Amino acid sequence: SLCPGNTGALSAPASPRPYAELANGLCVLRNDWHLHVLEGDSLQANSGGFAGPDALRRADLQRYLDDPSVRAIFAARGGYGSYRLLEQLDFTAFLQHPKWLVGFSDITALLCQVQRLGVQALHAAMPRQFGGTADTESVESLRQWLFGEPPSHYTAPAHPLNRPGRAVGPLAGGNLTLLVHTLSTPTEVDWTGHILFIEDITETLFSIDRMLIQLRRAGKLAGLAGLVVGQFTNMTDNKTLPFGKTPFEIVAEAVADYSFPVCYDFPIGHVPRNLALPVGHRSELLVASEGVEITFNHLFSKVLA
């Protein structure tokens with residue numbers, strides 16, 4: 001866990017944003033959390049749809065993965081680009097001195113890679129959103145996990161599509177599109193016995209259906225311990241040929257033949273209330289008629305030195 005005075009690093013492994021948009025986030029990290037923050041060259045770089053060329057973004061991230069003084073790496077934003085870096089990143093020094101990796105959306109690819117190596121990471125709001133689109137509860141949940149004050153549980157209201165039950169297992173997941181792109185690669189997590197969580201943004205309903213069928217056909221859903229369905233934001237439908245189902249209904253159809261518990265409308269994803277979830281952390285999912293609870297078993301927590 002972090003302490004005031006520790007070093008964190010802020011990098012942009014995916015898409016660019018104006019550097020001025022990071023002001024609130026840097027203020028929180030430095031003035032509220034009292035971290036010493038290193039800023040990557042990628043924060044002020046722009047190369048088409050990326051925060052600088054692949055080589056620059058990769059060098060940024062590699063430098064912080066290798067630096068034992070860096071205790072947490074924060075992705076500035078998602079978008080697209082971190083997936084392009086995976087093949088040439090070296091995690092040798094990172095495994096010798098593990099550290100928190102923080103982000104979501106496109107950063108799901110990096111979170112999966114870290115989890116595949118046996119280290120927990122945080123699917124959570126990113127500094128560009130601090131004081132802006134992220135609500136205070138989302139930012140506070142991230143701070144709690146980083147500084148060794150993790151919440152005991154999260155709750156969510158009941159949903160008509162929920163399938164009741166209890167599941168125990170490590171958390172895995174993130175952005176559905178990126179999860180599908182890890183299939184049959186060295187980044188793919190073994191989801192068997194895991195509690196999977198999913199979310200997505202600006203996809204078509206047809207593509208959501210297609211991806212879930214691919215996961216089912218690939219045998220990735222059958223062995224899940226449980227499923228947490230987060231927010232599917234800004235979905236688009238075909239106006240001349242409407243799909244006829246909501247994203248939640250598409251998920252429900254895809255997992256109808258299984259018996260594991262499923263909950264819907266959980267506060268994770270591209271929404272202000274995006275609670276921090278520790279991938280790789282052994283947790284318990286309880287879906288009941290009165291609501292949903294995810295409990296974190298801190299006895300199984302991996303202590304980051």
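In this chain, numbering begins with 1 at the start of the sequence shown. From a predicted model like this one, the values you see are computed outputs, not experimental measurements.
A perpendicular orientation is assigned to the rings of His123 and Phe197, their planes being inclined by more than 60° (bins at 30° and 60°). Ring-plane geometry between His281 and Phe296 is classed as perpendicular, the angle between the planes exceeding 60 degrees on a 0 to 90 degree scale with a lower cut at 30. In this pair, Tyr258 and Phe260 present their aromatic rings parallel. The plane angle is below 30°, not in the 30 to 60° band.
For CD of Glu87, the number of neighbouring non-hydrogen atoms (other residues, nucleotides, ligands) closer than 6.0 Å is 12 at most. No more than 12 heavy atoms of other residues, nucleotides or ligands sit less than 6.0 Å from atom CG of Asp257.
For His159, the ring-ring contact (aromatic ring centres under 6.0 Å, His included) partners are Phe248, Tyr264, not counting sequence neighbours.
Among Asn234, Leu176, Thr177, the single residue meeting the side-chain contact (heavy atoms from CB on, under 4.5 Å) criterion with Ile201 is Asn234.
Residues Asn238 and Thr240 have side chains that bring a donor and an acceptor to within less than 3.5 angstrom of each other. Counted by atom type alone, Gln62 and Asp90 present zero donor-acceptor pairs between their side chains at under 3.5 Å. Side-chain contact of Ser138 with Ser141: a donor-acceptor pair under 3.5 Å is absent, judged by distance alone.
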Starting from the C-alpha separation in whole Å, work towards a yes-or-no answer on ring-ring contact (aromatic ring centres under 6.0 Å, His included) for Phe147 and Trp100. CA-CA 11 Å; Phe147 284 84; Trp100 286 115; over 10 Å; no
Just do the salt bridge (Lys or Arg N to Asp or Glu O under 4.0 Å) check on Asp66 and Arg63 with the steps written out, would you? CA-CA 5 Å; Asp66 292 347; Arg63 181 166 61 253; over 6 Å; no
Please assess Glu140 against Thr136 for the test side chain to side chain donor-acceptor pair (under 3.5 Å), listing each intermediate value before the final yes or no. CA-CA 6 Å; Glu140 175 60 13; Thr136 55; over 6 Å; no
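Residue pairs satisfying the ring-ring contact (aromatic ring centres under 6.0 Å, His included) criterion with at least one member in residues 205-240, sequence neighbours excluded, are listed as follows: Phe206-Phe243.
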With a cut-off of 3.5 Å and sequence neighbours excluded, list every side-chain donor-acceptor pair involving residues 4-27.
from	atom 1	to	atom 2	distance (Å)
Asn6	OD1	Cys3	N	2.7
Ser11	OG	Ser42	OG	3.4
Ser11	OG	Asp60	OD2	3.4
Ser15	OG	Gly49	O	3.2
Ser15	OG	Tyr80	N	2.9
Ser15	OG	Tyr80	O	3.3
Arg17	NE	Glu21	OE1	3.0
Arg17	NH2	Glu21	OE1	3.3
Arg17	NH2	Glu21	OE2	3.3
Tyr19	OH	Glu39	OE1	2.6
Tyr19	OH	Glu39	OE2	3.2
Glu21	OE1	Arg128	NH1	3.4

